[in-house]
Number of protein chains: 2
Amino acid sequence: MNIVIVEDHPLVVQGLVSVLTLECDFEIKGVCSNTLEGIELIRTKHPDIVLIDLRLGKESGLDIIRAVKELNIDSKFIILTSSVSYLDFMMAEELGAEGYVLKESLPEELIYAIRVVGRGRKYYDPELLDYKLKKDENNYNDKLTSREWEVLRKLSLGLNNQQIANKLFISENTVKKHMSQILAKLGLHDRTQAALYVKNLEIVKH
Amino acid sequence: MNIVIVEDHPLVVQGLVSVLTLECDFEIKGVCSNTLEGIELIRTKHPDIVLIDLRLGKESGLDIIRAVKELNIDSKFIILTSSVSYLDFMMAEELGAEGYVLKESLPEELIYAIRVVGRGRKYYDPELLDYKLKKDENNYNDKLTSREWEVLRKLSLGLNNQQIANKLFISENTVKKHMSQILAKLGLHDRTQAALYVKNLEIVKH
DNA sequence: CGGGCAATACTACTTAAGTAGTATTAGAGG
DNA sequence: CCTCTAATACTACTTAAGTAGTATTGCCCG
């Protein structure tokens, strides 16, 4: 099982190496800490498994997956991250990552995930998977409409309902209606959380 | 140099152990992954240095520092975190942490920090320190008191007043008082704007 | 020692936010 | 043509947020 690691925290790399080299059927073919090097490593080594951190400084590990999938290389990706953000998980899954393991999980779980994914199946963190199933059941997962995004964007500028209403030339009542809808769809409790949600989305995109 | 590690990511612990045991004058006296065990470990082992992660699942490593300082144990604390948030750094410094090292720094930097702090001096991540000096010069940001920053930090997690009160063990009335004060000092109108303000501060360091 | 400030807490009040339910209109699509 | 949905708007209600003013405690500093 050939493995490539893309991870920008040296201590985590150290931990990964010392854990994975104990498994005699694992071989680490390369380590790097940014997206460009990562893509190059995968293109030249054709590893079975790529362990990849979502947040690489200012970059995102998702960009590597996107790029590699387009090159028709069939390496499997296991996301290794400390983010418990459901949004991150959702995006990784949609991009076709075969695995998603949290850094706070035990090394055994990671090793298990590598073997499972190596056999062509998928392994996602159980807690996040549960959460997804619950969301799907309750159909909370609806995406926001374009108008709701507009309201949300105004909110993320720090405007109150009246100001949003003026900007969009609608009544405050309608803004409230949209706002309720937004909170329900995103599973949030108030506008402050919604504003933070948008801000976090913006950070991920960078 | 006796060391205790409080860290909830097993892989990082693995990395730390394999890096620190190479230094023959370092000895790891204990490892744990939550605040209660951490305080107990420090109380019984009296280590010279405590390496401590800021984010321990839902808990905060800062609580350990606060508790230990009250017990009059003179262990030195080095924060080891992946947070590049200036606010986290500021709060750690105010609480009396002797060191602040980012997980994305090289092991050599951590080892250097441990030796420096062991000799009774302080070691803070140079980039964060630069940022602080610049802020202090321009007198931008010393408006809020440390308690107000704590309230603001909780707010930026999306908590409401009652939840903030519970976290900080004070009444909701007091939180409201702080919140009014914060909004007045920052020249903002509501908590959503305050949350966005914090989020923008955090982005500054990216 | 006394002054000032930070932190705590309270009451009482006002306003913004959010929920629930209903209704109308316009447009997209089977 | 009919159905479904998004967008608009309203009322009525409940709760969270924010303001104003007062008071106490503890601490640091000149």
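Predicted model only: the values in this text are computed from it and were never measured. Chain letters run A, B, ... following the sequence lines, proteins first, then strands; residues in each count from 1.
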Given side chains that start at C-beta, do those of B/Ile73 and B/His46 come closer than 4.5 Å, heavy atoms only?
yes

Euclidean distance, atom [atom1] of residue [X] to atom [atom2] of [N] [Å, nearest integer]:
X: B/Glu172; N: C/dT8; atom1: CD; atom2: P; value: 15 Å
X: A/Leu183; N: D/dT15; atom1: CG; atom2: C1'; value: 14 Å
X: B/Phe169; N: C/dA7; atom1: CZ; atom2: P; value: 17 Å
X: A/Ile170; N: C/dT25; atom1: CD1; atom2: P; value: 19 Å
X: B/Lys176; N: D/dT19; atom1: NZ; atom2: C1'; value: 10 Å
X: A/Asn173; N: C/dA20; atom1: CG; atom2: P; value: 16 Å
X: B/His189; N: C/dT15; atom1: NE2; atom2: C1'; value: 14 Å
X: B/Lys177; N: C/dC13; atom1: NZ; atom2: C1'; value: 14 Å

Any side-chain N or O of [X] below 4.0 angstrom from OP1/OP2 of [N]?
X: A/Arg147; N: D/dA6; answer: no
X: A/His178; N: D/dT8; answer: yes
X: B/Thr174; N: C/dA6; answer: no
X: B/Thr145; N: C/dA7; answer: yes

Indicate, with a heavy-atom threshold strictly under 4.0 Å, whether [X] touches base, sugar-phosphate, or nothing.
X: A/Asn160; value: sugar-phosphate
X: A/Ser171; value: sugar-phosphate
X: A/Asn161; value: sugar-phosphate
X: A/Ser180; value: base

Specify the closest pair of heavy atoms between A/Lys199 and A/Ser156, including all atoms of both residues, with the distance to one decimal.
NZ-O, 4.5 Å

What heavy-atom pair brings B/Glu93 and B/Tyr124 nearest, and what distance separates the two atoms?
CG-OH, 3.5 Å

For B/Thr192 and A/Thr192, test the side chains for any donor-to-acceptor distance below 3.5 angstrom and give the result as yes or no.
yes

For B/Asn34 and B/Glu37, does a side-chain donor sit closer than 3.5 Å to a side-chain acceptor?
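Side chains of B/Asn34 and B/Glu37: pair found under 3.5 Å.
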
